[in-house]
Amino acid sequence: MDTKYDHTKIEKQIYKKWESADVFSPEGSTKQRVSQGITGNEKPYSVLMPPPNANASLHCGHVTYVIQDIMARFKRMQGFDSCYFPGIDHAGFETQYVYENKLKKEGKSRFDFDRETLYKNILDFVLENSSIAIGQFKRLGLSADWNRNTFTLDKNVVEQVYKTFEKMNNDGYVYREGYMVNYSTYYGTTFSDLETEYKDTVSPLYFVKYKIKNSDKTISIATVRPETIYADVAIAVNPDDKRYKDLVGLFAINPLNSRELPIIKDEYVDLNFGTGALKITPGHDLNDFKIGKKHNFEVISVIGLDGKMINTEKEIDGLYPKQARLKVAEILKNNNGLEKVNEKYENRVLVDYKDGYPIEPLVMTNWFIKTEKLFDKVINSVENEEVKFYKPVWKKEILRWLNEKRPWPISRQIAFGIAIPAWYSIKENPEIFVTFVVDGKTISGYIKDIKKNYDIEIIKKGLQKIVAPENAKFKIQVESPGEDYLQETDTFDTWFSSGQWPQVTTGFPNSADYNKYYPTNFLDSMWDIMFFWIARMLMFGIYLTDKVPFKNVYFHGAVTDKHGVKMSKSKGNVINPIEIIDEYGADSLRAGIITGGDTSAKFTPLDIDKVKSYRNFSNKLWNIARFINMYEETNQIPNGIDLKEYEKIEINIVEESVLLTKFVTKKLEKYQYKLALEEIYHFVWDKLANEYLEIAKNKNDIDSMRVLKEIFKTSLKLLHPFMPFVTEAIWQELHGNKNSMLIVEKWPE
RNA sequence: GGGUGGUUAGCUCAGUUGGUAGAGCGCUUCGCUUACAUCGAAGAUGUCGGGGGUUCAAGUCCCUCACCACCCACCA
């Protein structure tokens with residue numbers, strides 16, 4: 001043995017050994033256990049890997065996957081029939097985003113391709129990338145059964161997604177509706193509420209005067225979006241507002257298009273804000289949309305899907321809202337309709353989570369899932385703790401969100417995803433608006449007109465997008481119902497497929513894995529996707545199987561630098577996990593993330609000093625083994641120890657190792673990884689190496705070396721889930737290259 | 001506006017039912033002693049955010065204030 005432990009030589013070699021010995025698959029490990037004459041308790045234990053996005057290599061956040069691996073290895077060693085299910089997510093919008101950036105660099109855009117070609121290109125890109133991610137997970141030492149790898153565009157996943165959708169449709173959970181959605185005119189797709197955020201800005205607040213019909217009076221409103229005045233349908237005031245008491249019931253005149261707007265009462269209006277009067281614009285504001293529905297007002301849209309003004313007037317149509325705003329202010333000013341402008345008004349605007357581009361609230365027809373009934377069952381399961389959250393906070397948080405029972409918009413206007421299996425007959429729905437590419441040219445228009453000039457097959461071949469009216473007739477089925485049908489071009493929200501992860505990985509509805517491993521035991525994820533993913537998995541799981549999909553949920557924090565600052569390229573504090581593995585070894589990185597902070601807190605700092613200290617620890621372990629090996633070169637050390645034979649010092653260290661074993665086992669059962677690992681660290685370094693090893697060295701007899709070796713072996717076993725490579729490497733050194741310690745040895749008791 | 005978490009040694013953090021303050025890194029001094037210098041030995045460092053309370057005893061329980069962070073909702 002070298003005087004130094006060299007992870008660069010050993011780690012890759014060890015991982016290959018594990019793979020070729022097939023120790024990660026439950027079949028492989030069980031077979032080998034039996035052949036060794038070891039029988040475990042053979043109860044199933046399953047860990048689900050949250051599938052990483054297929055569009056990029058790993059970042060520091062993925063280091064937290066060691067938490068899952070710790071559980072998988074721990075349970076496997078305890079004799080459970082343990083399986084760690086891995087996978088990769090196609091990550092619809094995220095991936096298309098990455099791919100479009102790539103196209104941009106090549107001077108192209110998504111509009112250059114028909115839907116099918118674009119999809120295929122992105123898929124090729126993704127398949128190339130996903131093997132990188134898997135390779136990196138292997139370097140981290142994850143003991144997942146890669147033969148069971150699932151990709152969320154695999155045939156069985158797509159089939160399951162379709163089945164679920166059909167079932168939901170039959171059960172009445174699916175509906176199409178014109179609803180106010182968060183539409184990104186930049187990306188050309190809607191976002192769920194979870195995918196948007198508010199950004200503080202300063203914008204001018206315009207005070208606009210509306211004349212009252214048949215009166216000399218006027219009424220003023222305050223708005224940051226005067227360009228939407230074209231879409232006004234009413235003016236609302238608070239019922240208790242004395243200032244406007246006399247005006248209620250009269251009509252105001254829209255200063256831009258002279259439309260008559262009823263002045264109504266509504267409690268929503270804040271007496272103290274602005275002028276106390278509110279313009280109602282159901283087409284472009286969510287609250288106005290709700291008020292509009294209540295009072296049965298028309299919805300007028302003056303911003304198109306391309307982000308430009310429509311249905312206004314010559315000067316304004318075709319402008320972007322920002323430009324239109326200035327122009328409208330000018331028009332109002334000239335008409336004596338602009339009272340004043342507060343230039344420095346602080347407000348917040350809705351933007352997308354990705355790039356912070358503005359979100360336009362627009363009324364669009366989308367596919368939705370009704371969540372009330374589905375969530376009721378989830379709420380029940382969470383309250384009854386059929387699924388347990390590691391911290392009570394999370395239970396509270398998820399219940400709060402579930403109780404809102406918001407409808408889930410599941411359609412996305414992007415190509416990269418699972419297409420919604422809905423078909424529209426072009427005969428029954430002449431108002432379908434289609435966009436398609438033919439001979440490099442983009443054509444768009446209503447199908448009733450288009451089909452006069454283009455053959456349906458040409459339209460289908462070059463199809464980019466269809467927009468079907470809200471009342472369109474459709475059929476839900478996988479195969480095309482006939483020649484005259486066009487398929488919905490919207491795809492499912494990526495969470496609609498990854499939400500069924502526990503089912504698709506285990507092979508629901510009937511497979512050996514599903515029967516054995518479902519409901520799964522342990523799920524670790526970051527808390528930021530609690531609503532996106534965890535809540536939806538619970539929803540699908542209970543809906544499809546009547547059981548919670550997993551029994552225990554652990555949330556880890558966002559990995560930050562050691563000062564708790566989020567890593568970002570611009571701050572220059574990004575840590576590449578692979579570089580850390582290269583320099584210090586995977587074991588050290590694994591141990592470093594576990595002990596560097598609280599993994600169950602909202603933020604987990606990655607402290608390189610901690611990583612370094614466990615690199616040193618690896619070397620310490622290596623040298624203890626070396627010491628034992630050197631002794632064994634001249635003396636055979638028999639296995640096992642007999643306490644009766646020994647002096648007090650031996651009995652002490654043996655007793656302490658028993659206590660350690662109990663402590664570590666208990667902490668692992670309670671997911672308190674840091675406490676467990678630090679306890680082993682100090683036992684091995686302070687007690688075993690610094691104290692006992694010195695005693696054994698002085699005694700220089702077989703009996704004390706027996707004790708040293710046995711206790712060291714116990715320590716290695718306890719340490720294995722945390723630091724699998726170095727413990728396995730040492731195991732091999734001590735036992736002359738035999739089977740993996742994962743198989744040969746059982747968790748100490 | 002509603003809610004949650006945090007504030008302990010220079011830095012990052014432990015401290016599980018209240019019982020004389022801990023770890024890693026860093027720092028000081030000494031030591032290349034044949035397992036290990038990725039080491040060993042010895043050592044310094046804290047009014048445990050402020051204030052009040054309960055208790056024989058509080059970092060640990062209660063109240064209050066301050067600051068930091070995050071989540072949710074959303075302002076025309």
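Residue numbers start from 1 in every chain, and the chains themselves are labelled A, B, ... in the order their sequence lines are given, proteins ahead of strands.
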Could you list all N or O pairs between the protein and nucleotides 3-10 of chain B that sit under 3.5 Å apart?
none

Protein and nucleotides 38-41 of chain B: nitrogen or oxygen contacts under 3.5 angstrom:
| unit_1 | atom_1 | unit_2 | atom_2 | d |
| --- | --- | --- | --- | --- |
| B:U38 | O4' | A:Asn616 | OD1 | 3.1 |
| B:U38 | O2' | A:Asn619 | ND2 | 3.3 |
| B:U38 | O2 | A:Arg615 | O | 3.4 |
| B:U38 | O2 | A:Arg615 | NE | 3.1 |
| B:C39 | OP1 | A:Asn616 | ND2 | 2.9 |
| B:C39 | O3' | A:Lys620 | NZ | 3.3 |
| B:G40 | OP1 | A:Lys620 | NZ | 3.4 |
| B:G40 | OP1 | A:Trp685 | NE1 | 2.2 |
| B:G40 | OP1 | A:Asn690 | OD1 | 3.4 |

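Out of B:A69, B:A35, B:A76, the shortest distance to the side chain of A:Tyr268 is found at B:A76. The nucleotide whose nearest atom lies closest to any side-chain atom of A:Lys610 is, among B:A35, B:U12, B:C72, B:U12. Considering only the side chain of A:Pro605, B:U12 comes nearest among B:U16, B:U12, B:C70. In this structure, the nucleotide among B:U12, B:C36, B:A69 sitting nearest to the side chain of A:Asp607 is B:U12. Of the candidate nucleotides B:C13, B:U16, B:U34, B:U34 has the atom nearest to the side chain of A:Met630. Of the candidate nucleotides B:C71, B:A14, B:C74, B:A14 has the atom lying nearest to any side-chain atom of A:Leu675.
Residue whose closest nucleotide on RNA chain B sits further toward the 5' end, between A:Arg225 and A:Asp193: A:Asp193. In terms of position on RNA chain B, the residue among A:Lys667 and A:Ala689 whose nearest nucleotide sits closer to the 5' end is A:Lys667.
With both ends at atom C1', the span from B:G50 to B:C11 equals 24 Å, rounded to whole Å. Nucleotides B:C68 and B:A73 have their P atoms positioned 24 Å apart, rounded to a whole Å. Comparing B:U64 with B:U7, their C1' atoms sit 16 Å apart, to the nearest whole Å. Only the P atoms considered, B:U29 is 32 Å distant from B:A14, to the nearest whole Å. The same atom, C1', is picked in B:G59 and in B:U20; the two are 14 Å apart, to the nearest Å. B:U12 sits 30 Å from B:G31 when the C1' atoms are compared, rounded to a whole Å. Distance noted for atom P between B:G40 and B:G26: 13 Å (whole Å). B:G6 and B:C65 have their C1' atoms separated by 16 Å, with the value rounded to a whole Å.
Taking the six-membered ring for Trp, A:Tyr554 and A:Tyr673 have ring centres closer than 6.0 Å. In summary, the aromatic rings of A:Phe722 and A:Tyr614 are positioned with their centroids too far apart to meet the 6.0 Å limit. Checked against the 6.0 Å centroid threshold, A:Trp401 and A:Phe375 count as a close aromatic pair. A distance of 6.0 Å or more separates the ring centres of A:Tyr390 and A:Phe555. Taking the ring centroids of A:Phe289 and A:Tyr179, they lie under the 6.0 Å cut-off.
Under 3.5 Å, the side chain of A:Glu679 and the base of B:A14 form no donor-acceptor pair of N or O atoms. In terms of polar N and O atoms assigned as donor or acceptor, the side chain of A:Arg626 never comes within less than 3.5 Å of the base of B:C36 in a complementary pairing.
Near RNA chain B, meaning a heavy atom under 4.0 Å away, there are no residues from residues 577-588 of chain A. Heavy-atom distances under 4.0 Å link RNA chain B to A:Leu278 of residues 278-286 of chain A, given in residue order.
One atom, OH of A:Tyr631, and another, P of B:C36, lie 18 Å apart when rounded to the nearest Å. In this structure, A:Met530 atom CE and B:C72 atom P are separated by 9 Å, rounded to whole Å. Nucleotide B:C72 holds its C1' atom 13 Å from the CZ atom of A:Phe532, rounded to whole Å.
Note on A:Asp288: nothing from the nucleic acid sits closer than 4.0 angstrom, heavy atoms only. Within the 4.0 angstrom heavy-atom criterion, only backbone atoms of the sugar-phosphate kind lie near A:Val224; the bases stay farther away. Heavy atoms of A:Tyr198 sit under 4.0 angstrom from at least one base atom. At a threshold of 4.0 angstrom between heavy atoms, the contacts of A:Leu693 include nucleobase atoms, whether or not backbone atoms are also involved. Heavy atoms of A:Tyr345 sit under 4.0 angstrom from primed sugar atoms or phosphate atoms, though from no base atom.
Sorted by first and then second residue, the salt bridge (Lys or Arg N to Asp or Glu O under 4.0 Å) pairs with a member in residues 275-290 of chain A read A:Asp232-A:Lys279; sequence neighbours excluded. A salt bridge (Lys or Arg N to Asp or Glu O under 4.0 Å) check over residues 262-274 of chain A, counting only residues at least two apart or in different chains, returns the pairs A:Asp266-A:Lys294.
Residues forming a ring pair (Phe, Tyr, Trp, His ring centres under 6.0 Å) with A:Tyr5 (at least two apart in sequence, or on another chain): A:Trp622. Residues that satisfy the ring pair (Phe, Tyr, Trp, His ring centres under 6.0 Å) test with A:Tyr183, not counting sequence neighbours, are absent from this structure. Checked against ring pair (Phe, Tyr, Trp, His ring centres under 6.0 Å), A:Tyr357 has the following partners two or more places apart in sequence or in another chain: A:Tyr186. Under the rule for a salt bridge (Lys or Arg N to Asp or Glu O under 4.0 Å), A:Glu339 has no partner lying at least two apart in sequence or in another chain. Applying the ring pair (Phe, Tyr, Trp, His ring centres under 6.0 Å) test to A:Tyr244 and every residue at least two apart in sequence or in another chain returns nothing.
In this model, the phosphate group of B:C11 is not approached by any side-chain N or O of A:His563 to a distance below 4.0 Å at OP1 or OP2. Distances shorter than 4.0 Å separate none of the side-chain N or O atoms of A:Asn629 from OP1 or OP2 on B:A35.
Using a 30° and 60° split on the angle between ring planes, A:Phe297 and A:His295 fall in the parallel class, below 30°. In this pair, A:Trp533 and A:Trp495 present their aromatic rings tilted. The plane angle is within the 30 to 60° band. Taking the six-membered ring where the residue is Trp, A:His62 and A:His59 present tilted rings, their angle falling between 30° and 60°.
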Just the dot-bracket of RNA chain B, please: which string comes out with Watson-Crick or G-U pairs under 3.5 Å, [ ] for crossing, | for another strand?
(((((((..((((.....[..)))).(((((.......))))).....(((((..]....))))))))))))....
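Of the candidates A:Asp598, A:Thr604, A:Asp524, A:Thr599, A:Asp524 is the only one forming a side-chain hydrogen bond (donor to acceptor under 3.5 Å, both in side chains) with A:His556. The side-chain contact (heavy atoms from CB on, under 4.5 Å) test with A:Lys610 singles out one residue from A:Ile594, A:Ile593, A:Thr595, A:Leu589, and that residue is A:Thr595.
With respect to the salt-bridge test (charged N to carboxylate O, under 4.0 angstrom), the residues A:Asp582 and A:Arg139 qualify.
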I would like to know whether A:Ile263 and A:Ile212 meet side chain to side chain contact (heavy atoms under 4.5 Å, CB included); could you show each step before the answer?
CA-CA 9 Å; A:Ile263 299 172; A:Ile212 306 291; 3.6 Å; yes
